[in-house]
S.K.: 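Supplied in structure tokens, the structure appears directly below.
For the single chain, residues carry numbers from 1 onward in sequence order.
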Amino acid sequence: MTKNKLLIYLAGVAALILLFALPFVLNPGAGFGGADDSAGEVIESLSPGYQPWFSSLWEPPAETESMLFALQAAIGAVIIGYFVGYVRGSSN
């Protein structure tokens with residue numbers, strides 16, 4: 001690996017770390033919750049008597065929901081990793 005490529009990779013990793021840490025540094029007391037909870041709170045504050053017209057057919061337990069979310073993230077990471085590796089391998 002040449003010195004320029006190494007510097008580019010290190011700059012990319014540093015940028016990712018900065019992007020991850022910046023929200024916590026700028027607003028340390030913020031509650032970084034999910035969008036579902038926030039949307040429900042906003043709807044309730046705008047229209048206190050609102051009744052949803054649809055409910056889920058199945059709501060998995062919290063552990064199953066977390067597992068499905070992690071599985072989705074893992075599948076996405078595998079797909080992205082495959083294509084990054086394919087592009088890098090085909091460019092040589």
S.K.: Sequence neighbours left out, what passes side-chain contact (heavy atoms from CB on, under 4.5 Å) with I79? Give chain and number order.
M.R.: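 Once residues adjacent in sequence are excluded, the partners of I79 under the side-chain contact (heavy atoms from CB on, under 4.5 Å) criterion are I75, F83.
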
S.K.: Hydrophobic cluster mates of I17, side-chain heavy atoms under 4.5 angstrom, ILVMFWY only, any path?
M.R.: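 Members alongside I17: V13.
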
S.K.: Test of understanding: with ring-ring contact (aromatic ring centres under 6.0 Å, His included), list the residues that count as partners of F69, not counting sequence neighbours.
M.R.: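 If we apply the ring-ring contact (aromatic ring centres under 6.0 Å, His included) test to F69, skipping adjacent residues, there are no hits.
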
S.K.: Quick one: name the residues clustered hydrophobically with L16, using the 4.5 Å side-chain heavy-atom rule over I, L, V, M, F, W, Y, and just say none if it's on its own.
M.R.: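 Hydrophobic cluster check, L16: no partners found.
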
S.K.: Can you tell me how far CD of E41 sits from CD1 of I43, rounded to the nearest 0.5 angstrom?
M.R.: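 It comes to 11.0 Å.
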
S.K.: List, by chain and then residue number, the residues other than V78 in its hydrophobic cluster (Ile/Leu/Val/Met/Phe/Trp/Tyr, side-chain heavy atoms under 4.5 Å); write none if there are no others.
M.R.: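 Members other than V78 - counting any ILVMFWY side chain reachable under 4.5 Å - there are none.
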
S.K.: Is V25 isolated, or which residues cluster with it under the ILVMFWY side-chain rule of less than 4.5 Å, directly or via members?
M.R.: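 Grouped by the 4.5 Å side-chain rule, V25 forms a cluster of one, so the answer is none.
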
S.K.: Using a 3.5 Å cut-off and no angle test, enumerate the donor-acceptor pairs between side-chain atoms of residues 46-67 and protein atoms at least two apart in sequence or in another chain.
M.R.:
from, atom 1, to, atom 2, distance (Å)
S66, OG, A62, O, 3.1

S.K.: Passes side chain to side chain contact (heavy atoms under 4.5 Å, CB included), L6 versus T2? Steps please.
M.R.: CA-CA 6 Å; L6 179 63; T2 65; over 6 Å; no

